[in-house]
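Encoded as structure tokens, the structure appears first; notes follow it.
Labels below follow one simple rule: chain letters A, B, ... track the order of the sequence lines, proteins then strands, and each chain is numbered from 1.
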There are 2 protein chains.
Amino acid sequence: MAHPNRDAEYLGKLQDYYADYRNLPSYSVIGDLLGLASKSAVSALVKRLMLAGYVDTTPDKRLAPTKRFFERELADFPVPAGLPAAANDAMSEAISIDDYLIECPSASVMVRVKGDSMIDAGIHDGDIAVVEKRHGAKLGDVVVAIVDGEYTLKTLSRDKQGYVLMPHNPAYEPIRPKEGLEIFGVMVGLIRKYK
Amino acid sequence: MAHPNRDAEYLGKLQDYYADYRNLPSYSVIGDLLGLASKSAVSALVKRLMLAGYVDTTPDKRLAPTKRFFERELADFPVPAGLPAAANDAMSEAISIDDYLIECPSASVMVRVKGDSMIDAGIHDGDIAVVEKRHGAKLGDVVVAIVDGEYTLKTLSRDKQGYVLMPHNPAYEPIRPKEGLEIFGVMVGLIRKYK
DNA sequence: GCTAGAGTAGAACGTTTGTTCTGCACAGGT
DNA sequence: ACCTGTGCAGAACAAACGTTCTACTCTAGC
């Protein structure tokens, strides 16, 4: 299987290119970039990278990076004794926080949280909630509901009398919508910035 | 300038496509995606998006998203009745989550939070802390400190006897480092994903 | 009802795409 | 030194690319 080291170097250059432009170049540009004068060489390289799982192709035949494409050399992490388990699972598969939190950009809205009615759920005044606009919500979801023309963030719950919007702060009362319950969206993420 | 609303809808679909494949489709695929039967329509759209700063082109002529492409609208919470989209031109800003949370990418690390010792500060087990590696921390900062070779997330505080690492959970005791205090970094952001 | 403008369909175009083939160059093993 | 295999250069190819043009279809304003 060729020069694996060479391939790693090539992959690095492609990663750099992607970092600059946020998409992968065409075969001929890959050639320029890597110093390969012929497209057959590029073609062979791409095949190897695809086999190794670093790139893939979109429904049309374009090159697209896979999750593995974004893995960084482990050596880059000087791991001291018991490094705080660098968020390795789901997060490391994502290119960015954006990618991690938002699955469907067009349906997602960010909303700044006002008030402390959800403070016991770890949602503070000033935090940003990532809300996915959809009407179906499950019990237990934190939802943005529309009550009397006002938007409010609460946990969706229900009891014998019907749906209840539960705050997470003993100082607040549960809300029982009289006129049916309108759900604006479901909270899928939280972002907080310190200072 | 055409149908700005229509364009926003189109942009959303492109963002969704990008979220799926991590690169932008070709003109003809854009056409399929958006329901435009002709490439001239796509061409016009792309020109408008380029003018608005959402996309750009790479050195070869491929389409690439700009930073702006990743910005999402941030709405203030009690959004007045009516669709958020309409009212808040002036009020809302658009931010990119990564830019918002991470000022210095090379010095920032993401760490998954273990345990509930900070729960009263709204930091839950499983959350991801964005930590900026630096040694200077101010009193009151949430810091990642190294105590006895272990990393721990606590609020930095001090009293007559010296520095104290304060948990935010009555079930935990404050930590008084005997051997001097080593700060790994300062927590600058929090990310939580639901479900 | 008519006109003016904007936006799209559809086709034409030259260019570039990615694939595939052949032939050369350099390597290691025998 | 000889093979043998692998990888790259270079060219040929159909398909797809993005650009540009014209003509049609709407809508808004008069």
### Message
Taking any heavy-atom pair under 4.0 Å as a contact, classify B/A37: base, sugar-phosphate, or nothing.
### Response
sugar-phosphate
### Task
Identify whether any heavy atom of A/S43 sits under 4.0 Å from a base atom; if not, whether one sits that close to sugar-phosphate; answer base, sugar-phosphate or nothing.
base
### Query
Between B/R48 and C/dA6, does any side-chain N or O lie under 4.0 Å from OP1 or OP2?
no
### Query
Phosphate oxygens OP1/OP2 of C/dG10: is one of them under 4.0 Å from a side-chain N or O of B/S38?
no
### Query
the helix from C/dG1-D/dC30 to C/dG29-D/dC2: angle between its terminal axes, five pairs each, to 10°?
30°
### Task
Report yes or no: do A/L34 and A/Y54 belong to one cluster of Ile/Leu/Val/Met/Phe/Trp/Tyr joined by side chain heavy-atom distances under 4.5 Å?
yes
Ignoring hydrogens and geometry, is there a side-chain-to-backbone donor-acceptor pair from [X] to [Y] under 3.5 Å?
X: A/Q15; Y: A/F69; answer: yes
X: A/H135; Y: A/F184; answer: no
X: A/R22; Y: B/P65; answer: yes

### Query
More 5' along DNA chain C: A/V29 or B/L36, using each one's nearest nucleotide?
B/L36
## Note on the structure
When B/R62 and B/S40 are each assigned the nearest nucleotide of DNA chain C, the 5'-most assignment goes to B/S40
### Message
As an exercise, state the distance from CG of B/L165 to CG of B/L153, rounded to the nearest 0.5 Å.
### Response
10.0 Å
#### Entry: Those residues that, when tested against A/T155, pass side-chain hydrogen bond (donor to acceptor under 3.5 Å, both in side chains) (two or more places apart)
A/H168
### Query
Donor-acceptor pair under 3.5 Å: do we get one between A/K39's side chain and the base of C/dG18?
yes
For atom [atom1] of [X] and atom [atom2] of [N], their distance in whole Å:
X: B/I30; N: D/dA16; atom1: CD1; atom2: C1'; value: 14 Å
X: B/M50; N: D/dG18; atom1: CE; atom2: C1'; value: 12 Å
X: B/K61; N: D/dT19; atom1: NZ; atom2: C1'; value: 9 Å

Nearest of [options] to any side-chain atom of [X]?
X: B/S28; options: C/dG18, D/dC17, D/dG18; answer: D/dC17
X: A/K47; options: C/dT20, D/dC17, D/dT20; answer: C/dT20
X: B/A41; options: C/dA9, D/dC8, C/dT19; answer: C/dA9
X: B/Y27; options: C/dA9, D/dG18, C/dT17; answer: D/dG18

### Query
Side chains of B/K133 and B/S108: do they bring a donor and an acceptor to under 3.5 Å?
no
